[in-house]
A.B. asks: 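Before we start, here is the structure in question, set down as structure tokens.
We number each residue from 1, following the sequence as shown. It should be emphasised that the depicted structure is a prediction, and the values quoted were computed from it without experimental measurement. Side-chain atoms are counted along with the backbone in the values below, which use heavy atoms only and exclude waters and symmetry mates.
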Amino acid sequence: MNAEGSALAMAIFESTRLRAMTRNDASLGRRIFRTAKPATNREGQETLAIRYEVARIDRVIEQTARALYFHETGMRWPSACKILCPRFFRDTGGHEESLARLEHLSGGFEELRRRQGELGVVRGAHPDVFWYQLVEPKPASPLMRMMFYGTFEFFATAS
């Protein structure tokens, strides 16, 4: 499910996006659109291409993963944390082999989800907006999958 399919997700997304764009004299909006370039989408319509601030997004996702891990286990994330996002690989022309591994990992989590065992439990109060799965295949090596608006999938791994 994506944000367009959920009234709750769209309401939250719209309200937070608008607040972020308008606070501090719209500094976020200026920051985003400063690097925007004219582009044409797949349907031939004119739009803007915006470059992701991957390093910044990774820091936010890492802190989210660390907080969720602490919430679930009562312990700190055991080591360095690596963030991976299949969408960024696709959108930025990432290595095919790495993308294939991420898609395989995503498929494994989906299989766990289908089985609905303890490992497949999807957590999050509003799954239309955000949910996550956490597994720890061996001690001190957590693996977390996070999904935002049914569209942006991130993995956090112990590295």
A.B. asks: Can you tell me how far apart CG (L68) and CG (L134) are? Round to the nearest 0.5 Å.
C.D. replies: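 Spacing of CG (L68) from CG (L134) equals 8.5 Å.
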A.B. asks: Return the OG1 to CD1 distance between T64 and I57, rounded to the nearest 0.5 Å.
C.D. replies: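 T64 OG1 to I57 CD1: 11.5 Å, rounded to 0.5 Å.
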A.B. asks: To the closest 0.5 Å, what do you measure between CZ (F152) and SG (C85)?
C.D. replies: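 Here the interatomic distance stands at 6.5 Å.
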A.B. asks: Once rounded to the nearest 0.5 Å, what's the spacing between atom CD1 of I61 and atom CZ of R56?
C.D. replies: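 CZ of R56 is found 12.5 Å from CD1 of I61.
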A.B. asks: Is there a side-chain contact between E153 and M146 (heavy atoms, below 4.5 Å)?
C.D. replies: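 E153 vs M146: side chains apart.
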A.B. asks: Applying the 4.5 Å side-chain criterion to the ILVMFWY set and letting contacts propagate, would V60 and M144 be lumped into a single cluster?
C.D. replies: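 No, because V60 and M144 fall into different hydrophobic clusters, even though each may have its own neighbours under 4.5 Å.
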A.B. asks: Given 3.5 Å as the limit, does a donor-acceptor pair link the side chain of T151 with the main chain of Y149, or not?
C.D. replies: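 Yes; at least one donor-acceptor contact below 3.5 Å.
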A.B. asks: For residues F148 and V129, determine if any side-chain heavy atom of one lies less than 4.5 Å from a side-chain heavy atom of the other.
C.D. replies: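 Result no, sub-4.5 Å side-chain heavy-atom pair not found.
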A.B. asks: Name the one of M147, H126, R123 that satisfies side chain to side chain contact (heavy atoms under 4.5 Å, CB included) with W131?
C.D. replies: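 Answer to the side chain to side chain contact (heavy atoms under 4.5 Å, CB included) test with W131 among M147, H126, R123: M147.
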A.B. asks: Could you go through Q133 and F155, starting from their C-alpha distance and side-chain angles, then the distance that decides it, and tell me whether this counts as side chain to side chain contact (heavy atoms under 4.5 Å, CB included)?
C.D. replies: CA-CA 10 Å; Q133 292 169 283; F155 295 98; over 6 Å; no
A.B. asks: Hey, could you give me the SG/CD distance between C81 and Q63, rounded to the nearest 0.5 Å?
C.D. replies: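 Reported value, rounded in 0.5 Å steps: 8.5 Å.
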A.B. asks: Tell me, do E46 and P38 make a side-chain contact under 4.5 Å, heavy atoms counted?
C.D. replies: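 Of all side-chain heavy-atom pairs linking P38 with E46, none is under 4.5 Å.
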A.B. asks: Pair I83, F154 - check side chain to side chain contact (heavy atoms under 4.5 Å, CB included), show working.
C.D. replies: CA-CA 7 Å; I83 303 299; F154 292 88; 4.0 Å; yes
A.B. asks: W77 vs Y69 aromatic rings, parallel, tilted or perpendicular, using cut-offs 30° and 60°?
C.D. replies: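 W77 vs Y69 ring planes: perpendicular.
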A.B. asks: Taking the side chain as every heavy atom from C-beta outward, state whether P142 and V135 have any atom pair closer than 4.5 Å.
C.D. replies: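 Not in contact.
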A.B. asks: How close do N41 and T47 get, counting heavy atoms only, and between which atoms?
C.D. replies: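 Minimum heavy-atom separation between N41 and T47: N-CG2, 4.1 Å.
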